[in-house]
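All values below come from the heavy atoms of this structure, side chains included, with hydrogens, waters and symmetry mates left out.
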Amino acid sequence: MFNPKRLTLARQRRRLTARSLAEQACLAADTISRLEKGQNEPDESTIGSIARVLDYPVGFFYLDDPEDLDSDAVSFRSFSKMSMKERQAAESAGQLALSLSCWIEERFSLPAVDVPDLG
């Protein structure tokens with residue numbers, strides 16, 4: 001089943017507005033909004049167009065919800081100089097990194113972290 005949160009994540013990671021994504025994918029502007037709200041189930045051609053523009057595989061949009069980042073744990077060096085698009089892109093990258101970390105931990109036995117105490 002199509003996951004609206006994945007669409008929002010991918011769009012924000014690419015620093016696109018919903019309107020810009022719709023234009024590049026040759027879709028109506030309100031189509032992206034309805035898809036992100038989960039109001040419509042998209043057809044294959046719509047997902048194909050969106051996936052092409054965002055440069056994500058079609059299967060990405062059918063995965064489980066991405067892990068939410070704790071907004072209190074996210075820190076930016078110069079928050080006041082960042083645009084909303086840049087902040088959303090950075091937070092989206094963090095969510096994707098969490099997904100990658102979980103994927104690795106499920107498949108591989110990693111050694112315990114051994115950091116020397118320099119105190």
Side-chain angles (χ1 to χ4, degrees):
M1 188 153 134
F2 176 76
N3 189 331
K5 289 183 179 182
R6 289 276 172 174
L7 173 57
T8 303
L9 175 71
R11 178 182 59 76
Q12 289 177 343
R13 180 67 189 119
R14 297 296 187 230
R15 298 180 180 163
L16 293 175
T17 62
R19 181 177 300 279
S20 176
L21 174 57
E23 288 172 4
Q24 291 181 43
C26 300
L27 299 169
D30 63 337
T31 299
I32 302 300
S33 177
R34 278 187 265 142
L35 290 174
E36 287 187 353
K37 291 176 183 173
Q39 295 173 340
N40 288 15
E41 184 70 25
D43 59 30
E44 288 181 32
S45 64
T46 300
I47 290 299
S49 297
I50 291 170
R52 178 185 46 78
V53 170
L54 295 174
D55 196 25
Y56 277 81
V58 170
F60 176 83
F61 301 100
Y62 294 93
L63 297 172
D64 292 335
D65 286 352
E67 285 193 49
D68 290 327
L69 287 178
D70 179 7
S71 58
D72 293 334
V74 178
S75 174
F76 296 102
R77 285 189 316 172
S78 181
F79 188 73
S80 63
K81 294 182 182 180
M82 282 186 106
S83 71
M84 179 62 80
K85 282 184 188 180
E86 289 173 325
R87 187 173 60 82
Q88 289 174 338
E91 289 175 357
S92 298
Q95 286 181 292
L96 292 170
L98 281 175
S99 295
L100 176 61
S101 177
C102 289
W103 183 87
I104 290 170
E105 288 175 358
E106 288 172 359
R107 288 162 178 79
F108 299 98
S109 265
L110 300 175
V113 177
D114 185 20
V115 180
D117 181 6
L118 301 176

Discussion item. Could you walk me through whether Leu27 and Ile50 satisfy the side-chain contact (heavy atoms from CB on, under 4.5 Å) test, starting with their C-alpha distance in whole Å, then the side-chain angles of each, then the deciding distance to 0.1 Å, before giving a yes or no?
Written reply: CA-CA 9 Å; Leu27 299 169; Ile50 291 170; 3.8 Å; yes
So which heavy atom on [X] is nearest to which on [Y], and how close?
X	Y	result
Pro4	Gly38	CG-CA, 3.7 Å
Pro57	Ala51	C-CB, 4.4 Å
Asp43	Ser45	OD1-OG, 3.0 Å
Ala25	Ser49	O-CB, 3.7 Å

Item to complete: Using the side-chain contact (heavy atoms from CB on, under 4.5 Å) rule, pick out the option among Glu41, Glu36, Lys37 that qualifies with Gln39.
Response: Lys37
Worksheet item: Which of these, Lys85, Glu23, Met84, sits in a side-chain contact (heavy atoms from CB on, under 4.5 Å) with Thr17?
Response: Lys85
Please answer whether the main-chain N or O of [Y] pairs with a side-chain N or O of [X] as donor and acceptor at a distance below 3.5 Å.
X	Y	answer
Glu67	Gln95	no
Arg14	Asp55	yes
Arg19	Ala29	no
Ser92	Gln88	yes

Practice prompt. Classify the side-chain pair Gln24/Ser20 by whether it contains a donor and acceptor separated by less than 3.5 Å.
Written response: yes
Discussion item. Checking Asn3 against Asp64: is there a side-chain donor and acceptor pair closer than 3.5 Å?
Written reply: no
Practice prompt. List the steps and the verdict of side-chain contact (heavy atoms from CB on, under 4.5 Å) for Leu54 and Phe61.
Written response: CA-CA 11 Å; Leu54 295 174; Phe61 301 100; 4.0 Å; yes
Practice prompt. Check the pair Arg11 / Thr8 against side-chain contact (heavy atoms from CB on, under 4.5 Å), numbers first and verdict last.
Written response: CA-CA 5 Å; Arg11 178 182 59 76; Thr8 303; 4.1 Å; yes
Practice prompt. Please report the C-alpha distance between Tyr56 and Arg13 in whole Å, then the side-chain angles of each, then the deciding distance to 0.1 Å, and finally whether the side-chain contact (heavy atoms from CB on, under 4.5 Å) criterion is met.
Written response: CA-CA 11 Å; Tyr56 277 81; Arg13 180 67 189 119; 3.3 Å; yes
Fill in: Residue pair Leu35 / Thr46, side-chain heavy-atom distance below 4.5 Å
yes
Practice prompt. Evaluate the side-chain proximity of Thr31 to Arg34: yes if any heavy-atom separation is below 4.5 Å, no if none is.
Written response: yes
If Ile, Leu, Val, Met, Phe, Trp and Tyr residues are connected whenever their side-chain heavy atoms lie under 4.5 Å apart, and connections chain through other members, are [X] and [Y] in the same group?
X	Y	value
Leu9	Val58	yes
Leu7	Leu98	no
Leu100	Phe108	yes

